[in-house]
Amino acid sequence: MNLEITHIQGGMLELERTGIYPEYLLFNLPGTKQRWRVKIKKKPQNGILKSKGVVVYEYKFDDHFCKIRRVKSDGSFSTWKEPEFMSIEMRD
């Protein structure tokens with residue numbers, strides 16, 4: 001699993017519009033055009049990532065770390081794994 005994860009913090013347009021400092025998780029599968037952008041609404045947060053309506057990943061995020069596991073073809077899950085590194089991006 002080579003899923004790249006970026007924790008994005010900030011965004012002036014949304015901050016001005018809503019008054020809330022936005023945070024997102026960006027999941028990118030290199031070598032493909034698959035990307036998922038998930039808004040962080042609470043911490044810790046659990047969720048799923050779908051491709052063409054089918055769940056392909058499940059994730060857990062707790063403000064500093066993100067764990068992810070893949071859904072196998074038989075519907076079972078792989079073991080939880082942490083990425084080797086997780087980028088943090090601050091935006092204006």
Q) How would you list, by chain and number, every residue that makes a side-chain hydrogen bond (donor to acceptor under 3.5 Å, both in side chains) with D63, sequence neighbours excluded? A) K43
Q) Mind checking what makes salt bridge (Lys or Arg N to Asp or Glu O under 4.0 Å) contact with E4, not counting sequence neighbours? A) none
Q: Could you list the residues that satisfy side-chain hydrogen bond (donor to acceptor under 3.5 Å, both in side chains) with S76, not counting sequence neighbours?
A: D74
Q) Would you call V71 and I48 a side-chain contact if the rule is heavy atoms closer than 4.5 Å? A) no
Q) Do you know the tightest heavy-atom contact between C66 and P83? A) O-CD, 3.1 Å
Q. Would you say the side chain of L3 lies within less than 4.5 Å of the side chain of I68, judging by non-hydrogen atoms?
A. yes
Q: Go through the structure and list residues passing side-chain hydrogen bond (donor to acceptor under 3.5 Å, both in side chains) with Q9, not counting sequence neighbours.
A: E23
Q.
When you compare the side chain of T6 with that of I88, does any pair of heavy atoms fall below 4.5 Å?
A. no
Q: Scan residues 45-58 for pairs that pass salt bridge (Lys or Arg N to Asp or Glu O under 4.0 Å), counting only residues two or more places apart or in two chains.
A: E58-R69
Q.
In this structure, is the centre-to-centre distance between the rings of Y57 and F27 below 6.0 Å?
A. no
Q. Do S78 side-chain atoms and R70 backbone N/O form a donor-acceptor pair below 3.5 Å?
A. yes
Q: Keeping to residues at least two apart or across chains, list the side chain to side chain donor-acceptor pair (under 3.5 Å) pairs with something in residues 29-38.
A: Q34-S51
Q: Compare all side-chain heavy atoms of L49 with those of V38 and state whether any distance is below 4.5 angstrom.
A: yes
**Q.** Any residue meeting side-chain hydrogen bond (donor to acceptor under 3.5 Å, both in side chains) with K39, in chain and number order, not counting sequence neighbours
**A.** E14
(Q) Working to the nearest 0.5 angstrom, can you tell me the gap between N46 CG and K67 NZ? (A) 11.0 Å
Q: Under 4.5 Å between side-chain heavy atoms, chaining through other members, with only Ile, Leu, Val, Met, Phe, Trp and Tyr counted: pull out the rest of the cluster around L26, sorted by chain and number.
A: I8, Y24
(Q) Enumerate the ring-ring contact (aromatic ring centres under 6.0 Å, His included) contacts for residues 61-92, please, sequence neighbours excluded, ordered by first and then second residue. (A) H7-F61
